[in-house]
Amino acid sequence: MTTLTVQVVANAAADQIMGRHGGALKVRVRAKAIKGQANHAVCRLIAQELGIAASSVSIKSGARAKLKVLNLKDVDEARLADYLSAYIS
């Protein structure tokens, strides 16, 4: 299973991928960090961006933190690296 580290900003104006931030991908979601709402929004956004089912994205660690590690099913390292290359300046 492939993993992706994300830094999450909840309660943002829009759902969007901001780019690389250190060793993580910075993600903004409109959902508030209440009862897992932001976590679900992050999983949906990443799944949409990678073209996979939302059920293929889960939180491995950091469910209550801004920095999270996501498990990605059906995504190999090469595909993830290709996707992330768009965010490296």
Student check: side-chain heavy atoms of [X] and [Y] closer than 4.5 Å:
{"X": "Val6", "Y": "Lys26", "answer": "no"}
{"X": "Leu4", "Y": "Val69", "answer": "no"}
{"X": "Lys68", "Y": "Asn39", "answer": "yes"}
{"X": "Ile46", "Y": "Ile17", "answer": "yes"}
{"X": "Val9", "Y": "Val29", "answer": "no"}

When rounded to the nearest 0.5 angstrom, what is the spacing between [atom1] in [X] and [atom2] in [Y]?
{"X": "Met1", "Y": "Lys60", "atom1": "CE", "atom2": "NZ", "result": "9.0 Å"}
{"X": "Arg79", "Y": "Glu77", "atom1": "CZ", "atom2": "CD", "result": "12.5 Å"}
{"X": "Gln16", "Y": "Arg28", "atom1": "CD", "atom2": "CZ", "result": "6.0 Å"}
{"X": "Asn71", "Y": "Ile59", "atom1": "CG", "atom2": "CD1", "result": "10.0 Å"}

Give the minimum heavy-atom separation between [X] and [Y], together with the two atoms involved.
{"X": "Ala38", "Y": "Ala33", "value": "CB-CA, 4.0 Å"}
{"X": "Thr5", "Y": "Gly23", "value": "CB-O, 4.1 Å"}
{"X": "Lys73", "Y": "Ser55", "value": "NZ-O, 4.4 Å"}
{"X": "Ala31", "Y": "Gln37", "value": "CB-O, 3.6 Å"}

Under 4.5 Å between side-chain heavy atoms, hopping through other hydrophobics if needed: is there a path connecting Val27 to Ile52?
yes

Residue of the set Leu72, Leu45, Val42, Asp74 for which side-chain contact (heavy atoms from CB on, under 4.5 Å) holds with Val57:
Leu72

Please confirm whether the backbone N or O of Arg30 pairs with a side-chain atom of Asp15, one donor and one acceptor, at under 3.5 Å?
yes

Please confirm whether the backbone N or O of Val75 pairs with a side-chain atom of Thr2, one donor and one acceptor, at under 3.5 Å?
yes

Report the C-alpha distance between Leu84 and Arg20 in whole Å, list the side-chain angles of each, state the deciding distance to 0.1 Å, and finish with yes or no for side-chain contact (heavy atoms from CB on, under 4.5 Å).
CA-CA 8 Å; Leu84 292 175; Arg20 297 291 291 220; 3.4 Å; yes

